[in-house]
2 protein chains.
Amino acid sequence: MKTYNVALVGASGAVGAELISILEEISFPVGRFLPLVSARSAGQKIHAFSQEYTLQETTPESFKDIDIAFFSAGSKVSEQLAPLAAKAGAVVIDNTSFFRLEEGVPLVVPEVNPQDLTHCPKNILANPNCSTIQMVQVLNPLHQAFGIVRVDVSTYQAASGAGKRGLEELKAQMAGSTYAQVFPHPLALNVIPQIDVFMDHGYTKEELKMVRETHKIMHADFAISATCVRVPVLRSHSESISIRFKTPVSAKKAHGVLKNAPNIVLVDDPANKLYPMPITATSTDQTFVGRVRGDLFDPHTLHLWCVADQLRVGAATNAVRIANEWIKTH
Amino acid sequence: MKTYNVALVGASGAVGAELISILEEISFPVGRFLPLVSARSAGQKIHAFSQEYTLQETTPESFKDIDIAFFSAGSKVSEQLAPLAAKAGAVVIDNTSFFRLEEGVPLVVPEVNPQDLTHCPKNILANPNCSTIQMVQVLNPLHQAFGIVRVDVSTYQAASGAGKRGLEELKAQMAGSTYAQVFPHPLALNVIPQIDVFMDHGYTKEELKMVRETHKIMHADFAISATCVRVPVLRSHSESISIRFKTPVSAKKAHGVLKNAPNIVLVDDPANKLYPMPITATSTDQTFVGRVRGDLFDPHTLHLWCVADQLRVGAATNAVRIANEWIKTH
């Protein structure tokens, strides 16, 4: 069986830890494994694939003989080192936003646009933003079936979107601290309508990502508005999504489509208080959809609620799915 | 100076406590004060208006010589006793949902429809649902200026909407308990897309309240969809609102209108990380609006974010404002 030498840049981070777990769980054919970190974390030990590894500093020379390089250490690291890894012959699967909108870099959610992997001139593949991944997994089958005209989404995003430091800050605040450094304000017992920095027109970068990345992944240009909000939840994002279609669509018809959509699990039994929630989605690899209902005034509009684990579905799981798809097609 | 004999049914509850605070703060002209409770809580002492009161059991005879009776003890108590209080000559200001949609019962947000107080044949006035009050305070001035066609709202609602027991349950869960009785699932570190029971078409009662009560208060029939979600916040509700208007409306134009709207405070300075949040709205009597921005695709659509203290603006403050308006007009 063919194996692949895998480098993981950002091996000490929250997404890095999930990535290792997932590669172990699915028995990914790892040959050599190289866990890379910043100079600050180098020398620490981790346990992976039934052995101990010493975390090594990432350098331009790290990527010799590497087949697949996962990058999850921030945009600056990706900007500087991903092209060098790609030049050294590795296919880069980058979890940061740096290359996502770049021409010639496929932005891939394998359930949605696997075909985009075939044109990859830079040897760099981009993993989309977490809140975008779970949304397009839900939107795409509905768009294929009914044609989307407009999407309005309000998010309920977990602390893990800000990495291990975000998780630690929320946990400290839950225990009484009011110190806020990772988040712009205290998050425990609060909600913060700002994720990432503010850009033009009063939108945050996170909100614009949900627009632009969705368009690139789905090869569509329907209207989208996003309001991205941080909530005191550890690691699953929730989204309240309103969708207007070209034709009238009933909740029942949408159920029929979503039931057969890849990696989507319908949890829509309100009578038994069953709907997706962060505490039930956490540590899974599926995107959960519920509260599917027709609009009371417009037969073209549906509303639904979707939840997925941000570190897995929104990051590590999608990265590994990209790797698997890449192996299949190359 | 004329004074008013005031009864408060539900004096031991979370809204009851706020009501007493507000009446004290604004030096409401209270003559006799009668704090009423269920048999279970009767006999307890409270301190109000610089003296000690013994909580008394609510009976049909409680309302003799009462001028104003605030009801905040659940729909069943209001159903049974509010008509008797009204018959005894008191004007009832009811905080429950029982009479809200009844013909001949004004449903009032004084900043929006004070004129409805003039026709009150049953001597019962209804205080709207908490999430509705703060929304119509924001929608009404915009509707008057530009004409609303459609509203899509997703809420981030606090534990206090479920009363003192809801607050206590969330606090216990923050300290590690996973026991959930008031809420349908654990709320700490979670969000729950269910408030109140499920009704027809997959909507909750809370979501339908936001539609029907808004229509009654604003004397309008524009399309509304609501997705009501409980978040682990103590006592301020947040709302992400998308509004489509009859004409194109810029964020700047909307700012101009909201700046002059009664009891609205614009907090919209993203560059300085200033926007409304639960922790800053709590214990105030204003509704805070921010993140006002034009849609990226439709010049007729705006998005905004509003936050208000659920126990005050969403309940007690509005009840006292109704009482004040009633005194002014009768």
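Each chain gets a letter, A, B and so on, in the order the sequences are listed, and its residues count up from 1. Worth knowing before you read on, the calculation uses all heavy atoms, side chains too, and leaves out hydrogens, waters and symmetry mates.
Listed for the H215(A) side chain is a donor-acceptor partner under 3.5 Å among the backbone atoms of F222(A). Formation of a donor-acceptor pair under 3.5 Å by the H185(B) side chain with backbone atoms of K273(A) is found in this model.
The contact between D152(B) and chain A is made entirely by side chain atoms (from C-beta outward), counting heavy-atom distances below 4.5 Å. Contacts between V231(B) and chain A at a heavy-atom distance below 4.5 Å involve the side chain alone, from C-beta outward. In this structure, the portions of T227(B) lying under 4.5 Å from any heavy atom of chain A include both its backbone and its side chain. Neither the backbone nor the side chain of R235(B) comes within contact range of chain A; no heavy atom of the residue lies under 4.5 Å from a heavy atom of that chain. Contacts between P186(B) and chain A at a heavy-atom distance below 4.5 Å involve backbone atoms as well as side-chain atoms. With a 4.5 angstrom heavy-atom cutoff, A226(B) touches chain A only via backbone atoms. Using a 4.5 Å cut-off between heavy atoms, T178(B) does not touch chain A at all.
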Exercise. Between S240(B) and S154(B), does a side chain to side chain donor-acceptor pair (under 3.5 Å) hold up when you go through it step by step?
Worked result: CA-CA 5 Å; S240(B) 166; S154(B) 294; 5.6 Å; no

Problem set entry | Residue pair E206(A), R230(A): steps toward the salt bridge (Lys or Arg N to Asp or Glu O under 4.0 Å) verdict | CA-CA 11 Å; E206(A) 182 85 358; R230(A) 188 80 69 190; over 6 Å; no

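Among the candidates G202(A), A251(A), P232(A), the residue making the largest number of heavy-atom pairs closer than 4.5 Å to chain B is P232(A). Ranked by heavy-atom pairs shorter than 4.5 Å toward chain A, the options L296(B), V197(B), T204(B), L234(B) are led by L296(B). Between chain B and the options V229(A), T301(A), L208(A), heavy-atom pairs under 4.5 Å are most frequent for V229(A). By number of non-hydrogen pairs under 4.5 angstrom with chain B, the leading residue of V292(A), D298(A), I224(A) is I224(A).
Between V149(B) and H300(B) there is no side-chain heavy-atom pair separated by less than 4.5 Å.
When each of M218(A), K216(A), E213(A) is checked for a side chain to side chain contact (heavy atoms under 4.5 Å, CB included) with T132(A), only E213(A) meets the rule.
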